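Notes for the one structure printed next.
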Amino acid sequence: MNVVVFGAGSLGSLVGGLLAREHDVTLVGRDPHVSAVREGGLRVSGAFEFTTSPSATTSVPDAADLAVVTVKAYDTPEAAAALVDCDLGSCLSLQNGMGNEATLAAQLECPVLAGTCTYGARLAEPGHVACTGVGEVALGPREGGSSTVADEVGVAFDDAGIETVVADDVHRRLWEKLAVNAGINATTALARVENGALVDGPGGDVAAASAREVARVAREQGVDLSDEPVVSRVASVAADTAANRSSMLQDVDSGSRTEVDAINGYVVDAAAGEAVPVNRTLTALVRAWERERGLR
Ligand SMILES: NC(=O)C1=CN([C@@H]2O[C@H](COP(=O)(O)OP(=O)(O)OC[C@H]3O[C@@H](n4cnc5c(N)ncnc54)[C@H](O)[C@@H]3O)[C@@H](O)[C@H]2O)C=CC1
Ligand SMILES: CC(C)(CO)C(=O)C(=O)O
């Protein structure tokens, strides 16, 4: 399979590196990482240890069987615009946050797949990505249900040794992942704590309350997501990733824009006036930090 990974940063380089063991992969990213990969290949370390040599460029090739989109959620419109002239068989988003697939589908003619990814990745240096945790990719048609395209992409990921589930309930999975990110990311970013600080105590109460709001909004959207399993999921992820600094805390650490608009902000927008005070507060406080740093 000929794959273009659009957004070759941490996650894109890990997934692209794993896929490159079995497929023809082109990483689309930015220098100095792209130049380093061109010159010396891509080293994947951490839970894996290998070096591979995908193509690497700063511009999109003319065609590919599959585009895997791994930019931050706020860059998805730009990614969609950059891919519009690429002759694609299909497109898969592995991003966090909600709305990415709709943004891609609005501009691309190919089938768009939705996905969640619980692998952990960190770009250690140009040309070198570390896998900080082995997880799972779940993917399916963005419309829900099943499709031949989703099956084929699932086989391609599985053939590359990526733990993959082809899911006919991708909407539920996206909302469940949203509840986890809405509970953990902003809470840890604002408190400047690692995920484990939410396992119990005041931070955990905020994370649980945020997740309950997400579950309610999901149900209002017709997605079967119950409160307590979601709250338990948030607590178990916080415990399993206790030493992690969440991606939003890492963004705050580096003074970078966060994905709050696609996470807690999405919950507020989807609630359409329904009371979601915890997500509304988390969104406002993270946006206040971004504004103070001139990021919005
Ligand atoms: N890093 C991780 O462990 C995980 C990340 N995610 C999600 O995956 C997405 C990506 O996250 P990361 O890889 O951590 O972010 P990142 O910032 O490391 O990677 C994104 C990359 O896209 C590149 N990019 C953006 N626009 C571009 C353009 N127009 N042309 C070329 N390159 C462009 C950026 O330069 C950057 O290198 C986010 O939604 C994140 O929440 C999900 C699961 C795990
Ligand atoms: C699951 C969690 C919260 C792990 O840190 C994550 O996905 C993130 O940090 O964005």
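Whatever order the structure lists ligands and atoms in, that order sets their numbers, starting from 1. The figures here come from the full heavy-atom set of this structure, side chains too, leaving out hydrogens, waters and symmetry mates. This structure is a prediction, so every number in the text was calculated from the model and none was measured.
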Would you check if [X] and [Y] make a side-chain contact, meaning some heavy-atom pair closer than 4.5 Å?
X	Y	result
Val286	Val252	no
Arg287	Asp261	yes
Phe50	Leu18	yes
Phe6	Leu104	no
Asp24	Ser55	no
Val129	Leu42	yes

Could you walk me through whether Asp75 and Arg257 pass salt bridge (Lys or Arg N to Asp or Glu O under 4.0 Å), step by step? CA-CA 11 Å; Asp75 281 330; Arg257 184 177 176 186; 6.0 Å; no

Under 3.5 Å, N or O to N or O, is [X] touching ligand 2 that way?
X	value
Ser246	no
Arg245	no
Ser247	yes

Test of understanding: given a 4.0 Å heavy-atom threshold, classify the contact between Ser247 and ligand 1 as side chain, backbone, both, or neither. neither

Phe6 contact mode with ligand 1 (heavy-atom cut-off under 4.0 Å): side chain

Looking at every heavy atom in both Ala80 and Gln107, which two are closest together, and how far apart are they? CB-NE2, 3.8 Å

To check you understand the geometry: which heavy-atom pair defines the closest contact between Pro141 and Val170, and what is its length? O-CG1, 3.2 Å

Exactly one of Val15, Val134, Leu94 clears side-chain contact (heavy atoms from CB on, under 4.5 Å) with Tyr119, and that residue is Val134

Which atoms from ligand 1 have a heavy atom of [X] less than 4.0 Å away?
X	value
Asp75	25 (C), 26 (N)
Gly120	3 (O)
Gln95	39 (O)
Cys117	43 (C)
Glu78	28 (C), 29 (N)

Where on Thr118 is there a heavy atom closer than 4.0 Å to ligand 2, on the side chain, on the backbone, on both, or on neither? neither

Run the numbers for me: atoms of ligand 2, each under 4.0 Å from some heavy atom of [X], listed by number.
X	result
Ile184	3 (C)
Asn96	7 (O), 10 (O)
Val237	1 (C)
Asn195	4 (C), 5 (O)
Asn185	3 (C), 8 (C), 10 (O)

Relative to atom 20 (C) of ligand 1, which among Ile263, Asp31, Thr70 owns the nearest non-hydrogen atom? Thr70

Quick test of your reading of the structure: of Gly9, Gly29, Ser13, whose heavy atom lies closest to atom 31 (C) of ligand 1? Gly29

Between [X] and [Y]: side-chain donor-acceptor atoms closer than 3.5 Å:
X	Y	value
Thr188	Ser246	yes
Asn185	Ser247	yes
Asp65	Asn2	no

Is the shortest N/O to N/O distance between [X] and ligand 1 below 3.5 Å?
X	value
Lys177	no
Leu11	yes
Ala121	yes
Glu259	yes
Asn96	yes
Thr58	no
Lys72	no

Look at atom 2 (C) of ligand 2 and say which protein heavy atom is nearest, naming residue and atom and giving the distance to 0.1 Å. Asn181 ND2, 4.1 Å

When you measure from the heavy atoms of Val71 to every atom of ligand 1, does any distance fall below 4.0 Å? yes

